[in-house]
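Lettering of chains follows the sequences in order, A, B, ..., and the numbering in each one begins at 1.
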2 protein chains.
Amino acid sequence: MDQMENQVTDTPKGQLSARIHHDIEQRILLGEWAPGFRIPLERELMETYGCARMTVNKALSALAASGLIERRRKAGSFVSQPLSQSAVIEIPDVRAEVEAIGQVYRLEVVSRQQRRSTRDDMERLNVQSPRQVLAIHCRHFAGRRVHAFEDRLIDLVSVPEAVDISFADEPPGTWLRGHVPWSEAENRISAFNADSMLATRLDVKEGSACLQVERSTWRGKRPITAVRMFYPGETYRLVAHFSPKGAMPRRDSA
Amino acid sequence: MDQMENQVTDTPKGQLSARIHHDIEQRILLGEWAPGFRIPLERELMETYGCARMTVNKALSALAASGLIERRRKAGSFVSQPLSQSAVIEIPDVRAEVEAIGQVYRLEVVSRQQRRSTRDDMERLNVQSPRQVLAIHCRHFAGRRVHAFEDRLIDLVSVPEAVDISFADEPPGTWLRGHVPWSEAENRISAFNADSMLATRLDVKEGSACLQVERSTWRGKRPITAVRMFYPGETYRLVAHFSPKGAMPRRDSA
DNA sequence: TGACACGTTATGTATATACATATTAACGTT
DNA sequence: AACGTTAATATGTATATACATAACGTGTCA
């Protein structure tokens, strides 16, 4: 039996389950199997590849977990209807980011203040009750240019160890990443014109376009930190790349 | 033997494999098991949960596929060292986006031109050889305000059907999503000050901050489309949310 | 004609088993 | 002591089997 010949692309060597996964993924991504298309039943695939049902099942389960297909009992497996676009953005460490473009990194702590949370702080951390927080303003330099201005709040209830850290050597983000686990983060990206204060801090002309990345991080239900990173518009580009092949985002902290 | 009692959080009901997966994920995300920590061996987990090794293996394999843990033969399974931050950004359909904020959507095609690709076009599509392309400029309205200005190129070699589409009713992105599958996309997000031309098109003051989202899409190695979306800085916010629980990005087109 | 029980189907999950493979540790020879 | 061989170990993959579960269709009985 030579059902093997109706393969879409060259099937790579490797384990059978991975090959089935890859074959189906390719068929879907290259459009041969459009959204809504009913994928061959486990039985059929099992005969096509000459393997046990569990092997097919493993491949299909993985595809379902990745959202590429949907499975319904009795009905079969169907190629998912894409609902909204998505992409994975990589947000590297500031220092690594600067050094990646061949510049010398330098950190300048503008201010560091421990205080009882203000109304604004509480809103940024998305909490109701007042608490001790650490507010840090710092500038990240790439060579002699200001690469970014950081305005960070750390919840000292969740991260009491932060009280003893000066952040003179290590950026808050890097320190947090190494010391505090997190489970959820939310990012908001927007553009706006620099006001006089920000213009001074970023060393750009007043009114020039800036990119602002706001990020809030939680561990479970407890807020960890809320940060606003300001980048001069010409300097910074956020690259989001989506490659469906194993594109599961890696977790990270801070 | 009551190893069950040292559970971190309440383990939800559900299938065993899913429960093991969830337990371990929680332990990692909540920091009990730090990066580098060696996860109990399959054998041990198998005894802890009183199940077969395959059941444990399925859970661990899934965690490894999602990047949360790494597995090495003989050595065991380890909590991954997070390398860079990542997040999943959802880029909804423009129309849906406008209607989501309770506004009436309207599309205005400013220009629609079929032409042989210019040097600039080829660079945007990232191709070497000249070809027929469709260049579309259009404005997306939210009520009476300009929500976004779109500057799109479509590769007519990859998408010949596009020749017959006027895009008077349906935005190019929406049409492409429904008709053309894709396998890879790259997004670049940046901020800049509107020049006079863009200011006119977006109906904002010259010099005001704009957010630009550039996106290129491929099917396999063939380019599909390259688009530049310009948003008034005050209007648009790109929300990226990362929830490690089943956060695998869904694929989509255009 | 309608309600309901029942069988069929396809997936969902778990098991015991088997063998492959990568890696480390132990051992023995030179 | 240095080196290579071998055994033990833990994961990787596949299989056959079993039973659960959801959904659909059908047939029976009122």
Side-chain angles (χ1 to χ4, degrees), chain A residues 1 3-4 11-25 27-28 33 35-81 245-246 248, chain B residues 3-4 11-25 27-28 33 36-81 245-246 248:
Chain A
M1 46 197 93
Q3 293 104 319
M4 299 301 269
T11 57
K13 72 284 171 197
Q15 301 314 318
L16 192 48
S17 182
R19 233 182 67 202
I20 300 174
H21 183 110
H22 176 265
D23 282 3
I24 296 175
E25 187 181 64
R27 280 199 155 93
I28 295 173
W33 290 349
F37 178 87
R38 204 195 75 170
I39 285 171
L41 302 177
E42 291 191 343
R43 282 257 211 98
E44 301 171 309
L45 288 169
M46 162 183 160
E47 280 180 21
T48 303
Y49 289 92
C51 65
R53 188 168 76 90
M54 272 304 295
T55 310
V56 172
N57 184 285
K58 213 175 176 183
L60 293 183
S61 296
L63 285 166
S66 78
L68 208 60
I69 68 172
E70 275 162 33
R71 315 194 71 192
R72 291 208 311 278
R73 286 185 169 148
K74 163 74 182 173
S77 303
F78 300 84
V79 178
S80 298
Q81 289 290 349
K245 283 172 63 169
M248 184 65 181
Chain B
Q3 292 105 322
M4 298 302 269
T11 58
K13 72 281 173 200
Q15 301 314 318
L16 193 47
S17 182
R19 232 182 68 201
I20 300 174
H21 182 110
H22 177 265
D23 281 3
I24 296 174
E25 187 181 64
R27 281 199 155 94
I28 295 172
W33 291 349
F37 178 86
R38 205 196 73 171
I39 285 171
L41 302 176
E42 291 191 342
R43 284 259 206 96
E44 301 171 310
L45 288 170
M46 164 185 159
E47 279 182 22
T48 303
Y49 289 92
C51 65
R53 188 168 75 91
M54 272 302 296
T55 308
V56 171
N57 184 285
K58 214 175 175 181
L60 292 183
S61 297
L63 285 166
S66 77
L68 209 60
I69 69 172
E70 276 163 32
R71 315 194 71 190
R72 291 207 313 277
R73 283 185 170 147
K74 165 73 183 172
S77 303
F78 302 83
V79 178
S80 297
Q81 288 291 350
K245 283 174 62 168
M248 183 65 181

A.B. asks: On DNA chain D, check which nucleotide each of E42(B) and A75(A) is closest to and give me the residue with the more 5' one.
C.D. replies: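 Residue closer to the 5' terminus by nearest nucleotide: E42(B).
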A.B. asks: Given atom CZ of R43(A) and atom P of dG12(C), what is their separation to the nearest angstrom?
C.D. replies: 15 Å
A.B. asks: Got a sec? Which of residues 52-60 of chain A come in under 4.0 Å of DNA chain D, heavy atoms?
C.D. replies: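 A52(A), R53(A), M54(A), T55(A), in order of number.
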A.B. asks: Taking all atoms of both residues into account, what is the closest heavy-atom pair of P35(A) and S80(A), and its distance?
C.D. replies: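 Distance-wise, the nearest heavy atoms are CB-O, 3.4 Å.
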A.B. asks: Start with the C-alpha distance between Y49(B) and R19(B), add both sets of side-chain angles, then the distance that settles side-chain contact (heavy atoms from CB on, under 4.5 Å), and finish with yes or no.
C.D. replies: CA-CA 10 Å; Y49(B) 289 92; R19(B) 232 182 68 201; 3.9 Å; yes
A.B. asks: Can you check the L16(A) CG to dT21(C) P distance for me, whole Å?
C.D. replies: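 Distance check: L16(A) CG to dT21(C) P gives 15 Å.
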A.B. asks: What is the distance from atom CG of L68(B) to atom CD1 of I39(B), rounded to the nearest 0.5 Å?
C.D. replies: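 It is 7.5 Å, given to the nearest 0.5 Å.
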A.B. asks: Over how many whole Å does the gap from K74(A) atom NZ to dG25(D) atom C1' extend?
C.D. replies: 7 Å
A.B. asks: Enter the distance from I69(A):CD1 to E25(A):CD here, rounded to the nearest 0.5 Å.
C.D. replies: 11.0 Å
A.B. asks: Would you kindly give the CG-to-P distance between L45(A) and dA10(C), to the nearest whole Å?
C.D. replies: 13 Å
A.B. asks: Can you check the R38(B) CZ to dT11(D) P distance for me, whole Å?
C.D. replies: 7 Å
A.B. asks: Round to the nearest Å and state the distance from Y49(B) atom OH to dA14(C) atom P.
C.D. replies: 13 Å
A.B. asks: In residues 51-62 of chain A, what donor-acceptor pairs under 3.5 Å come from side-chain atoms, sequence neighbours left out?
C.D. replies:
from   : atom 1 : to     : atom 2 : distance (Å)
R53(A) : NH1    : E42(A) : OE1    : 2.5
N57(A) : OD1    : S61(A) : OG     : 3.0
N57(A) : ND2    : E42(A) : OE2    : 2.9
S61(A) : OG     : N57(A) : O      : 2.8

A.B. asks: Which whole-number value in Å describes the distance from R73(B) CZ to dT13(D) C1'?
C.D. replies: 8 Å
A.B. asks: What distance separates W33(A) CH2 from I24(A) CD1, expressed to the nearest 0.5 Å?
C.D. replies: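 It is 5.5 Å, given to the nearest 0.5 Å.
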A.B. asks: Between Q15(A) (CD) and dG12(D) (P), how many Å, whole number?
C.D. replies: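 Those two atoms, CD and P, are 11 Å apart.
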A.B. asks: Quick check on dG12(C): is either OP1 or OP2 less than 4.0 Å from any side-chain nitrogen or oxygen of R71(A)?
C.D. replies: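 For dG12(C), OP1/OP2 do have a side-chain N/O of R71(A) under 4.0 Å.
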